[in-house]
Amino acid sequence: MNLIELGEMTDCEYDAEHQCQQNAYPKFDRLVHCSVSQDEPVDAWQLHGIHYADEEEVAMGEAEAVGEIIYHSMILVNFCPFCGAQLKVE
């Protein structure tokens, strides 16, 4: 999922992403900078936890297709939880 697709899902615009080498699951745990939220300017880093359905979850009826997003959470952060760096837009 690219930043535009993530923005469409969350009604936000993202202009940067922290690519951390210490993040073992970069597809699932994304650190992005939000510049617009619900048409209002903001300056916030967000940690998104995204869970995509696997074959077992489809078989159990929890999702219709492999890769479907079945869980998404977001929290505001100032530092990377993986490497400890203070997050800044460069």
Side-chain angles (χ1 to χ4, degrees):
M1 169 182 312
N2 63 38
L3 294 182
I4 293 172
E5 292 168 330
L6 182 60
E8 289 170 351
M9 188 172 80
T10 60
D11 196 21
C12 293
E13 291 180 25
Y14 301 106
D15 60 1
E17 182 166 11
H18 176 66
Q19 302 285 337
C20 182
Q21 297 300 316
Q22 295 182 36
N23 180 354
Y25 304 101
K27 178 180 177 184
F28 307 104
D29 295 321
R30 310 267 308 264
L31 283 161
V32 294
H33 182 260
C34 180
S35 58
V36 177
S37 178
Q38 299 177 348
D39 297 322
E40 296 292 326
V42 296
D43 179 14
W45 281 91
Q46 303 172 343
L47 171 61
H48 290 259
I50 304 168
H51 179 78
Y52 299 90
D54 59 22
E55 291 177 4
E56 182 179 334
E57 290 160 323
V58 172
M60 292 175 15
E62 294 177 8
E64 293 182 17
V66 171
E68 174 184 335
I69 295 174
I70 59 173
Y71 177 78
H72 176 225
S73 65
M74 183 276 294
I75 60 171
L76 299 176
V77 294
N78 292 314
F79 296 86
C80 175
F82 307 107
C83 69
Q86 184 172 8
L87 298 169
K88 301 176 187 174
V89 177
E90 298 183 26

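Taking the side chain as every heavy atom from C-beta outward, P81 and L31 approach each other to under 4.5 Å. When side chains are defined from C-beta on, C83 counts as touching H18, because their heavy atoms get closer than 4.5 Å.
Hydrophobic clustering (ILVMFWY, side-chain heavy atoms < 4.5 Å, transitive): I69 and V32 are in one cluster. Transitive grouping of hydrophobic side chains (ILVMFWY, heavy atoms separated by less than 4.5 Å) keeps I75 and Y71 in distinct clusters. Cluster annotation: L87 and F82 are assigned to the same hydrophobic cluster (Ile/Leu/Val/Met/Phe/Trp/Tyr, side-chain heavy-atom contacts under 4.5 Å, transitive).
Of the possible donor and acceptor atoms, one in the side chain of E5 sits under 3.5 Å from a partner among the backbone N and O of N2.
To the nearest 0.5 angstrom, Q38 atom CD is 7.0 Å from C12 atom SG.
Nearest heavy atom pair, residue A53 against residue I70, reads CB-CG2, 4.0 Å.
With sequence neighbours left out, H48 forms a side chain to side chain donor-acceptor pair (under 3.5 Å) with Y14, Q46, H72. Remark: N78 pairs with no residue by the side chain to side chain donor-acceptor pair (under 3.5 Å) rule, at least two apart or across chains.
Annotation: salt bridge (charged side-chain N to carboxylate O under 4.0 Å, His left out) contacts involving residues 7-32, sequence neighbours excluded, comprise E17-R30. Sorted by first and then second residue, the ring-ring contact (aromatic ring centres under 6.0 Å, His included) pairs with a member in residues 19-44 read F28-Y52, H33-W45; sequence neighbours excluded.
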Atom pairs and distances, side-chain donor-acceptor, residues 54-67, under 3.5 Å, sequence neighbours left out:
from	atom 1	to	atom 2	distance (Å)
D54	OD1	E56	N	3.2
D54	OD1	E57	N	2.9
E57	OE1	H51	NE2	3.2
E57	OE1	D54	N	2.8
E57	OE2	H51	NE2	2.8

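Think of F79 as one node in a network of Ile, Leu, Val, Met, Phe, Trp and Tyr side chains linked at under 4.5 Å; it has no links at all.
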